[in-house]
Amino acid sequence: MKRFFRRGGTLTWRATLIASILMFLLSTAIASAYTRYRYAQGTTYNFVHEGGATDGYLNRAYNKVYHPTSSRWDAKYYDSDGNLTWLERSYLSPVEQGQTIGPRRAECNDYDATSGDGNPFNCDTTVP
């Protein structure tokens, strides 16, 4: 331990270097734990409820919906019993729902169906 501390308790350059490398490796591991997955994309049409859902139930870091701001959109999670567990509805883009506790199916949809014709939308989530 003497190699890592100077008199007075300050860290040496070796200890600082090791701590920096460990923090970098840890942050990289956390960031790569989930992969972004686009489960729906398309073009909006008036009076059509656009959207989509994932096929399976997985732990998810987020559910984001990028959309035109003229309409409210939903970002939702469902558990394996079909219960709605989280819902975020907003005109703002992106509409975002955070990390799940347990496996969930992600879903997005145009709640108002008044986004206008020809506007793009994307629904993204994560997979482990």
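Counting from 1, the numbers follow the sequence of the chain as shown. If you're wondering where the values come from, they're calculated on a predicted model, not measured in any experiment. All values below were derived from every heavy atom in this structure, side-chain atoms included, with hydrogens, water molecules and symmetry-related copies excluded.
- Scanning all heavy atoms of the two residues, the minimum distance from Y77 to A61 falls at OH-C, 4.5 Å.
- Counting heavy-atom neighbours within 6.0 Å of N83 CG, excluding the residue itself, gives a total above 12.
- Of all non-hydrogen atoms in T126 and R60, the two that sit nearest each other are O-NH1, 2.9 Å.
- Of the listed residues (N122, T125, N63), just one forms a side-chain hydrogen bond (donor to acceptor under 3.5 Å, both in side chains) with Y39, and that residue is N63.
- Between A113 and S71, the shortest heavy-atom contact is N-OG, 3.8 Å.
- In summary, D124 and K64 do not engage in a salt bridge, as defined by a charged side-chain N under 4.0 Å from a carboxylate O.
- Shortest non-hydrogen contact noted between P103 and N59 is N-OD1, 3.2 Å.
- Sorted by first and then second residue, the salt bridge (Lys or Arg N to Asp or Glu O under 4.0 Å) pairs involving residues 98-109 (not counting sequence neighbours) are K76-E107, R105-E107.
- Two residues are said to be in side-chain contact when any heavy atoms from C-beta on lie closer than 4.5 Å; Q41 and Y66 fail this criterion.
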Open item on the list: Using the rule given for side chain to side chain contact (heavy atoms under 4.5 Å, CB included), can you reason through E88 versus W73, listing the C-alpha separation, both sets of side-chain angles and the distance that settles it, and then say yes or no?
Closed with: CA-CA 8 Å; E88 184 68 32; W73 280 69; over 6 Å; no
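- Distance OH/Y78 to OH/Y57: 9.5 Å, rounded to 0.5 Å.
- Taking the ring centre of Y111 as origin, the terminal cationic atom of R89 falls inside the region bounded by 6.0 Å and 45° from the ring axis.
- Note that CG of D110 and CD of E50 are 7.5 Å apart. Values are rounded to the nearest 0.5 Å.
- Taking every heavy atom of both residues into account, T43 and F121 meet most closely at N-CE2, 3.7 Å.
- Across every non-hydrogen atom of V65 and D74, the tightest pair is CG2-O, 3.6 Å.
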After noting the C-alpha distance and the side-chain angles of Y45 and N119, does the key distance pass the side chain to side chain contact (heavy atoms under 4.5 Å, CB included) rule?
CA-CA 8 Å; Y45 298 96; N119 292 307; over 6 Å; no
Run the side chain to side chain contact (heavy atoms under 4.5 Å, CB included) test on Y62 and E96 for me, step by step, so that the C-alpha distance in whole Å, both residues' side-chain angles and the decisive distance to 0.1 Å come before the verdict. CA-CA 7 Å; Y62 63 80; E96 181 175 355; 4.3 Å; yes
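- Of the possible donor and acceptor atoms, none in the side chain of H67 sits under 3.5 Å from a partner among the backbone N and O of C123.
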